[in-house]
Chemist: 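My structure is below; once you've seen it, I'll send some questions.
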Amino acid sequence: TPTYRGFDTFYGFYDANEDYYTHSVGAQYINNKTHEPTAVFGVDFRHNKEAVLDKNGTYSTMIFTQQAEQLIMAHNASQPFFLYMAYQSVHAPLEAPEKYVQMCGHIERPDRRTYCGMAMALDESIGNITACL
């Protein structure tokens with residue numbers, strides 16, 4: 001985990017392909033004892049080492065931005081500050097708030113339109129962090 005590798009705080013996922021709204025991940029593996037496929041599902045969203053369970057239904061890009069803004073605002077400006085933002089966007093699964101997808105209405109293919117919406121949400125979020133600095 002990042003907090004065991006030099007970071008003071010961590011807010012995010014340990015795995016990949018998390019749902020942008022439920023923050024859960026599903027995986028299938030072969031059980032070593034039974035040699036049968038086994039599915040594992042659960043929330044993979046952490047604040048430091050603790051599971052974040054109260055953000056279900058909130059788009060992850062917005063959650064990461066809010067957390068970054070809080071860290072920036074709480075930071076003592078006389079001290080060094082390093083912020084590493086590794087957004088989930090724009091990776092699978094393709095999910096975006098409808099208002100951003102609608103901004104890309106000129107794109108015919110639904111998957112490309114959603115991808116564009118993901119990029120629009122990410123762009124706005126990065127702008128918000130930049131303004132907070």
Side-chain angles (χ1 to χ4, degrees):
T1 64
T3 53
Y4 288 117
R5 291 175 172 83
F7 288 89
D8 294 328
T9 63
F10 171 74
Y11 200 79
F13 302 113
Y14 290 161
D15 206 335
N17 292 319
E18 288 80 2
D19 184 276
Y20 281 79
Y21 291 97
T22 65
H23 319 295
S24 61
V25 64
Q28 188 171 17
Y29 68 96
I30 302 298
N31 185 306
N32 288 335
K33 292 181 182 179
T34 65
H35 304 287
E36 296 292 323
T38 303
V40 178
F41 298 94
V43 172
D44 180 34
F45 196 32
R46 309 269 177 202
H47 184 194
N48 298 321
K49 294 179 280 181
E50 301 299 320
V52 176
L53 302 173
D54 63 344
K55 301 296 183 185
N56 187 25
T58 305
Y59 192 62
S60 67
T61 300
M62 307 317 177
I63 297 171
F64 290 136
T65 300
Q66 291 168 356
Q67 181 69 14
E69 290 171 330
Q70 290 173 9
L71 288 170
I72 292 166
M73 299 304 288
H75 173 68
N76 178 349
S78 68
Q79 298 293 315
F81 182 69
F82 174 76
L83 178 67
Y84 176 72
M85 291 297 299
Y87 279 99
Q88 179 182 10
S89 288
V90 290
H91 296 93
L94 296 180
E95 299 175 314
E98 189 58 32
K99 80 175 200 173
Y100 299 101
V101 175
Q102 287 178 1
M103 291 177 182
C104 304
H106 61 285
I107 299 172
E108 291 184 28
R109 284 183 41 191
D111 59 337
R112 301 306 296 166
R113 191 169 42 250
T114 301
Y115 188 87
C116 175
M118 294 167 75
M120 297 291 281
L122 179 61
D123 185 62
E124 179 182 282
S125 290
I126 292 170
N128 292 343
I129 290 173
T130 303
C132 191
L133 294 170

Chemist: Looking at side-chain heavy atoms only, is the closest gap between F13 and D15 below 4.5 Å?
Modeler: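 F13 does not reach D15 side chain to side chain.
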Chemist: Run the ring-ring contact (aromatic ring centres under 6.0 Å, His included) test against F7 and tell me which residues pass, sequence neighbours left out.
Modeler: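 Testing F7 for ring-ring contact (aromatic ring centres under 6.0 Å, His included), a comparison that skips the adjacent residues, returns none.
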Chemist: May I ask you to test the I63-F45 pair for a side-chain heavy-atom distance under 4.5 Å?
Modeler: yes
Chemist: Is Y4 close to K49 at the side-chain level, that is, under 4.5 Å between some pair of heavy atoms?
Modeler: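 A side-chain contact exists here, since the closest heavy-atom pair is under 4.5 Å.
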Chemist: Of all heavy-atom pairs between I129 and A68, which one has the smallest distance, and what is that distance?
Modeler: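 Between these two residues, the closest heavy atoms are CD1-CB, 3.7 Å.
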Chemist: Got V43 and V52 here, is their nearest side-chain heavy-atom distance under 4.5 Å?
Modeler: no
Chemist: What donor-acceptor contacts under 3.5 angstrom involve side-chain atoms of residues 95-102, with partners at least two apart or in another chain?
Modeler:
residue : atom : partner : partner atom : Å
E95     : OE1  : Y20     : N            : 2.7
Y100    : OH   : E124    : OE1          : 3.4
Y100    : OH   : E124    : OE2          : 2.5

Chemist: Quick check: is L94 connected to I107 through a chain of hydrophobic side chains (ILVMFWY, heavy atoms under 4.5 Å apart)?
Modeler: no
Chemist: Taking the side chain as every heavy atom from C-beta outward, state whether Y14 and P2 have any pair of such atoms under 4.5 Å apart.
Modeler: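 Yes. Closest side-chain heavy atoms under 4.5 Å.
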Chemist: Identify the two heavy atoms, one from A121 and one from Y59, that lie closest to each other, and give their separation to 0.1 Å.
Modeler: CB-CE2, 4.0 Å
Chemist: Hey, is the main chain of H106 close enough, under 3.5 Å, to the side chain of R113 for a donor-acceptor pair?
Modeler: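 No; judged by distance alone, with no hydrogens or angles, the pair does not exist.
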Chemist: A side-chain contact here means heavy atoms from C-beta on lying under 4.5 Å apart; do M120 and C104 qualify?
Modeler: yes
Chemist: What is the distance from atom CE of M103 to atom SG of C116, rounded to the nearest 0.5 Å?
Modeler: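 So the gap between those two atoms works out to 9.5 Å.
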Chemist: For the atom pair OG1 (T22) and NZ (K55), what is the distance rounded to the nearest 0.5 Å?
Modeler: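 Reported value, rounded in 0.5 Å steps: 15.0 Å.
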Chemist: Can T65 and Y87 be counted as having a side-chain donor-acceptor contact under 3.5 angstrom?
Modeler: yes
Chemist: First locate atom CG of D123, then atom CE of M118, and finally report the distance between them rounded to the nearest 0.5 Å.
Modeler: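 If I round to the nearest 0.5 Å, the distance is 14.0 Å.
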Chemist: What's the spacing between R46 CZ and N48 CG if we round to 0.5 Å?
Modeler: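 Output value for this atom pair is 11.5 Å.
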Chemist: If you group Ile, Leu, Val, Met, Phe, Trp and Tyr by side-chain heavy-atom gaps below 4.5 Å, do L71 and F82 land in one group?
Modeler: no
Chemist: What's the spacing between H23 NE2 and T58 OG1 if we round to 0.5 Å?
Modeler: 6.0 Å
Chemist: Measure the spacing between CD of Q67 and OH of Y11 and express it to the nearest 0.5 Å.
Modeler: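 Those atoms lie 5.0 Å apart.
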Chemist: Report yes or no: does D44 contribute a side-chain atom to a donor-acceptor pair with the main-chain N or O of V25 at less than 3.5 Å?
Modeler: no
Chemist: Are the ring centres of F10 and Y84 closer than 6.0 Å?
Modeler: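 Ring centroids of F10 and Y84 are no less than 6.0 Å from each other.
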Chemist: Just by distance, with hydrogens left out, do S125 and T61 show a side-chain donor and acceptor under 3.5 Å apart?
Modeler: no
